[in-house]
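Comments concern the structure below.
Since this is a predicted model, take the numbers as computed values, not measurements.
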Amino acid sequence: MTTLKELAKLLNISVSTVSKALNDSHEISEQTKIRVHELAEKLNYKPNRIAQQLKTNKTKTIGVILPTVINPFFAEVLHGLEKAASKNDYDIIVCLSEENVEKEARSLELLSSGSVDGFIIAVARETQVKAKWDHIESIINRKIPVLMFDRVIKDIVCDKVIVDDFQSVYEATKYLIEQEHRKNILLISNVEELSVGKLRMKGYQQALEEHNLPSDILKLDNEPKVNQAMYDYLKAHDKIDAIISNDHVTGIVAINMARRLGRKIPEDISVIGFGYENTQIISSPKISIIHQKAFEIGEMSIKLLIENLNSETHELQTIVVPSELKLSGSTKKA
């Protein structure tokens, strides 16, 4: 493995000059920086992370705590996190809370003992439902930067990256009412207990109230047999002419159950779910989605946390990544 000393010897300059050039110091000329970087790349030089940590007291590592990676949304966010971290010469360590508050707390405690410089978290379902987040506040009180994304706790003061869940569903509901003239719109929710679920429900209800239409909500948070529950509900409510699903999976299930009942999509029922573009290829017809831009959420989360890590005067921010209504085969295009 190539060392700083070897680079310095080959370039006939001091080790200190090589180190400063690699760290883009203003003390070093651009010509020297170019020479150093070109040789370092040619010889595949990699900095000694342990030495850097001892010198700067930074690990260049970020702890990421996710509820799950089975959910494609979190998998895509993780993809964005990894790409952006690598681009900024950071590593990430990923832990899964599996929606459990105690496991989330253990992961935070384990990684906060010098393993990472800061945390990126989407809080566990249990953390929100039980309103138990002392473990997160404890990390912040120890001056370890924390950023929350998607599932956030409004009472905790930290950087946040979110989707405007209220506005996303509000606009989708308005589209169904105003452009497709739907009057019996069902909202399917399996995240009602979470902050995102509450905001999405409010957006749906607001749009209906503005058009003097009734709300109709099917709650599936603790339903073990989603397919059967949805089939039975649609069978018993044959006036439903549109569905908004608070996630992508139940949206696709809704399409399948409606078709089993002999209802045509989108002629009889329009369906919109949450998701991302790859979601659309696994349903027939292709499902219209509220595109959450999960990859961009991951990228922005890394960028904002690194800003915090590298600044002594960082001002905490809440950044809203705009979603996009992408219409496809499960809705009548306006």
Does any N or O in the side chain of [X] come within less than 3.5 Å of the main-chain N or O of [Y], such that one atom is a donor and the other an acceptor?
X      : Y      : value
Ser86  : Glu82  : no
Asn246 : Leu187 : no
Arg263 : Leu234 : yes
Asn184 : Asp241 : no
Gln128 : Leu194 : no
Asp159 : Gln317 : yes
Lys33  : Ser25  : yes
Arg35  : Leu11  : yes

Taking C-beta and beyond as the side chain, do [X] and [Y] meet within less than 4.5 Å on heavy atoms?
X      : Y      : value
Val226 : Val249 : no
Leu22  : Val18  : yes
Asp117 : Tyr90  : yes
Leu305 : Pro145 : yes
Ser112 : Phe119 : yes
Leu213 : Arg182 : no
Ser195 : Lys154 : no
Asp216 : Tyr233 : yes

Inset, instruction - Could you check Ile243, Leu176, Thr173 and say which one makes a side chain to side chain contact (heavy atoms under 4.5 Å, CB included) with Ile272? - result: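 Answer after filtering Ile243, Leu176, Thr173: Leu176.
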Legend entry - Qualifying residue, where the test is side chain to side chain contact (heavy atoms under 4.5 Å, CB included) with Val320 and the options are Val163, Val161, Asp164: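 Answer to the side chain to side chain contact (heavy atoms under 4.5 Å, CB included) test with Val320 among Val163, Val161, Asp164: Asp164.
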Considering non-hydrogen atoms only, spot the tightest contact between [X] and [Y] and give its length.
X      : Y      : value
Ile185 : Tyr204 : O-OH, 2.6 Å
Met257 : Met230 : CG-CB, 4.3 Å
Gln292 : Arg200 : NE2-NH2, 3.1 Å
Leu261 : Lys235 : CD1-N, 3.6 Å
Ser330 : Ser288 : OG-N, 2.8 Å
Gly251 : Val271 : O-CG1, 3.6 Å

Does [X] belong to the same Ile/Leu/Val/Met/Phe/Trp/Tyr cluster as [Y], with side-chain heavy atoms less than 4.5 Å apart forming each link?
X      : Y      : value
Tyr170 : Tyr175 : no
Ile121 : Ile140 : yes
Ile139 : Val152 : yes
Ile156 : Leu304 : no
Leu78  : Leu96  : yes

Tell me if the [atom1] atom of [X] is crowded by more than 12 foreign heavy atoms within 6.0 Å.
X      : atom1 : result
Lys132 : NZ    : no
Lys103 : NZ    : yes
Arg259 : CZ    : no
Glu315 : CD    : no

Inset, instruction - Check step by step if salt bridge (charged side-chain N to carboxylate O under 4.0 Å, His left out) holds for Lys130 and Glu102. - result: CA-CA 11 Å; Lys130 292 185 175 180; Glu102 297 300 332; over 6 Å; no
Working to the nearest 0.5 Å, report the span between [atom1] of [X] and [atom2] of [Y].
X      : Y      : atom1 : atom2 : result
Leu4   : Thr17  : CG    : OG1   : 11.0 Å
Asn310 : Asn308 : CG    : CG    : 9.0 Å
Lys160 : Met148 : NZ    : CE    : 6.5 Å
Glu193 : Glu99  : CD    : CD    : 10.0 Å
Ile255 : Ile287 : CD1   : CD1   : 4.0 Å
Lys174 : His211 : NZ    : NE2   : 6.5 Å

Inset, instruction - Mind running side chain to side chain contact (heavy atoms under 4.5 Å, CB included) on Leu218 and Thr250 for me, showing each step along the way? - result: CA-CA 11 Å; Leu218 174 59; Thr250 51; over 6 Å; no
Legend entry - Ile62/Ile306 under side chain to side chain contact (heavy atoms under 4.5 Å, CB included): CA gap, chis, key distance, verdict: CA-CA 9 Å; Ile62 294 168; Ile306 291 176; 4.3 Å; yes
Legend entry - Phe274/Val169 under side chain to side chain contact (heavy atoms under 4.5 Å, CB included): CA gap, chis, key distance, verdict: CA-CA 9 Å; Phe274 270 79; Val169 177; 3.5 Å; yes
Inset, instruction - Establish, from distance only, whether the side-chain atoms of Glu104 and His135 form a donor-acceptor pair under 3.5 Å. - result: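 Present: a donor and an acceptor within the cut-off.
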Inset, instruction - Go through the side-chain N and O atoms of Glu209 and Gln205 and say whether any donor and acceptor fall under 3.5 Å apart. - result: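 The answer is no; no qualifying pair exists.
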Inset, instruction - Test side chain to side chain contact (heavy atoms under 4.5 Å, CB included) on Arg125 and Val191 and set out the steps. - result: CA-CA 9 Å; Arg125 179 185 292 264; Val191 288; 4.2 Å; yes
Inset, instruction - Kindly write out the residues that satisfy ring-ring contact (aromatic ring centres under 6.0 Å, His included) with His79, not counting sequence neighbours, or none if the list is empty. - result: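 Partners of His79 by the ring-ring contact (aromatic ring centres under 6.0 Å, His included) criterion, ordered by chain and then number, come out as Phe295.
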Legend entry - Electrostatic pair Arg142:Glu109 at N-O distance under 4.0 angstrom: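 Salt bridge present between Arg142 and Glu109.
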Legend entry - Lys/Arg N to Asp/Glu carboxylate O, Glu6 vs Lys9, below 4.0 Å: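 Looking at Lys9 together with Glu6, the answer is no, because their closest N to O distance does not fall below 4.0 Å.
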